[in-house]
There are 2 protein chains.
Amino acid sequence: MAKDNKSVETQQQILDAARRIFSQKGLAGARMQEIADEAGINKALLHYYYRNKNLLFEQVLEEAVRKLFKPLAVFLMEDSDLFDKIRNLCHLYYSVLMKYPFIPNFVTNEASMDRERVFKLIKLDGIIDGKNKTVKQIEQYIEDGKIRPVDPRDLIWNIISLCVFPIISRPIAGRMLYQSEEEMEAALKSRADHVADFIIAAIKV
Amino acid sequence: MAKDNKSVETQQQILDAARRIFSQKGLAGARMQEIADEAGINKALLHYYYRNKNLLFEQVLEEAVRKLFKPLAVFLMEDSDLFDKIRNLCHLYYSVLMKYPFIPNFVTNEASMDRERVFKLIKLDGIIDGKNKTVKQIEQYIEDGKIRPVDPRDLIWNIISLCVFPIISRPIAGRMLYQSEEEMEAALKSRADHVADFIIAAIKV
DNA sequence: CATATTTTTAACCATTTGGTTAATACTCTT
DNA sequence: AAGAGTATTAACCAAATGGTTAAAAATATG
């Protein structure tokens, strides 16, 4: 049994490499040899730790799905004021996705190729419980006249879209909208606030 | 020289098949044999009309990029009232993307794999001219007190996000937010209007 | 109808790729 | 230091895959 930490270090290097390669090239486009090279090891060693490509991919995908859905689950479950929740979600998403900008595209793309594989990794029950909770909260806010009448599910979908899509479209939209990389980076920094403001302005009476 | 139309018909079948396969599996995941089967022809015939996989892919990608950016270019260039433009864009995008729902994911994914390949296909000059025009229009609306002060580029990015992302995320979000496929289909029908309302509510003073 | 041209196919081929094997280096325990 | 177990490697293999070739249908042309 691996008592020393050389092996876990190697496994970590493999996972890091796999994350980079898989997220950039997808399951079909990634080459085991390339992952091994990127990890600085032999291809046979790669198979020694991760029996095959699919298993390795599944591990990387699971991690990505978890990271992508955690902020959403937190948002949907939270008990606090709706406006606070929205601001929190925007900031949480931006900090996570700025750190792992490849995740949204990686997951949505895999979902379009093999929907079920992604579903199996989402704790759907928890999400749906949270969704029902937040839908109720939104309905209550409408009833209390705190926000305009909107379809709660449309609203949730809009919020997610505004948090996630800018990251996916950044390579293209950045070049279209901004003069330079730096200008875009700067704009991105304040986007979490702007998006939250935008959403709240759209619903507040 | 092909005077008859059997050959163009075959080429069309190939393109249709290639669209389906490439958009579902990506460049690396698609198999020439599978495209040939889907088109009901021999693999050698596939190479007879399209010399190699890359050329065929490029053709499918170009078409997808054109379809994805046309509504945006129209929006950015249009001279009419900003609110009308926004409503138009939402409806245009929804009609195009409901017809070709695979396009956004296909293009964003390819952009994340090979950014330059996508850039080369976008008529960037036209888009940027239009962008400058619409940015000026938004600034004018702010100055005239018709809308709240917002960063024009953030606003444009938000509009695009709200039009495009729901299509990308539909397989996942649909199952999370709605009880059944039919319920989601129904909700989707009115989304173009809701999204336009949402955006306008967010900026109108 | 004969022949030139285009379309379609079956059989092949070279390369790539995921995965295996068997042997070697390393590390830890006693 | 010896031996057991673990980590690592080079060489290899079978299957899959993009692409080619040469011949056969089919079609157009005179």
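In what follows, chains are A, B, ... by sequence order, proteins preceding strands, each numbered from 1.
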Visitor: Check DNA chain C against residues 31-48 of chain A and give the residues with a non-hydrogen atom under 4.0 Å, in numerical order.
Guide: R31(A), M32(A), K43(A), A44(A), H47(A)
Visitor: R87(A): what forms a salt bridge (Lys or Arg N to Asp or Glu O under 4.0 Å) with it, not counting sequence neighbours?
Guide: D197(A)
Visitor: Between Q13(B) (CD) and dT7(C) (C1'), how many Å, whole number?
Guide: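 Answer to the nearest Å: 13 Å.
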Visitor: Tell me, which of residues 19-26 of chain A have any heavy atom that sits under 4.0 Å from an atom in DNA chain C?
Guide: none
Visitor: Going by salt bridge (Lys or Arg N to Asp or Glu O under 4.0 Å), name the residues that satisfy it together with K43(B), two or more places apart in sequence or in a different chain.
Guide: none
Visitor: What's the separation between atom CZ in F22(B) and atom CZ in F102(B), rounded to the nearest 0.5 Å?
Guide: 12.0 Å
Visitor: Kindly say if Y50(B) contacts the phosphate of dG19(D), meaning a side-chain N or O under 4.0 Å from OP1 or OP2.
Guide: no
Visitor: Could you tell me the separation between the NZ atom of K53(A) and the P atom of dT16(C), rounded to a whole number of Å?
Guide: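 It is 16 Å, rounded to the nearest whole Å.
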Visitor: Students often get this wrong, so: under 4.0 angstrom with heavy atoms, is A28(A) touching a base, only sugar-phosphate, or nothing?
Guide: nothing
Visitor: Measure CD/E9(B) against P/dT7(C) and give the value in whole Å, please.
Guide: 13 Å
Visitor: With a cut-off of 3.5 Å and sequence neighbours excluded, list every side-chain donor-acceptor pair involving residues 163-171 of chain B.
Guide:
| unit_1 | atom_1 | unit_2 | atom_2 | d |
| --- | --- | --- | --- | --- |
| S169(B) | OG | W157(A) | NE1 | 3.0 |
| S169(B) | OG | F165(B) | O | 3.0 |

Visitor: Examine K204(B) relative to F83(B) and say whether NZ or CZ is less than 6.0 Å from the centre of the six-membered ring and inside a 45° cone about the ring axis.
Guide: yes
Visitor: Does T10(B) place a side-chain N or O at less than 4.0 Å from the phosphate oxygens OP1/OP2 of dT7(C)?
Guide: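 It does not, given that no N or O in the side chain of T10(B) lies less than 4.0 Å from OP1 or OP2 of dT7(C).
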Visitor: Nearest 0.5 Å, please: how far is CG in D114(B) from CG in N109(B)?
Guide: 11.5 Å
Visitor: Any side-chain heavy atom of L92(B) sitting closer than 4.5 Å to one from F75(B)?
Guide: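 Sidechains of F75(B) and L92(B): no contact.
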Visitor: Could you state the atom-to-atom distance from CD of Q11(B) to C1' of dT6(C) in whole Å?
Guide: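 Interatomic distance, CD of Q11(B) to C1' of dT6(C): 12 Å.
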Visitor: Could you work out, with salt bridge (Lys or Arg N to Asp or Glu O under 4.0 Å) as the rule, every residue matching K25(B), not counting sequence neighbours?
Guide: E34(B)
Visitor: Could you state the CG-P distance from L55(B) to dG18(D), rounded to the nearest angstrom?
Guide: 15 Å
Visitor: Write down the atom of S112(B), the atom of N105(A), and the distance for their closest heavy-atom approach.
Guide: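 Where S112(B) meets N105(A) most closely, the heavy atoms are OG-ND2, 3.0 Å.
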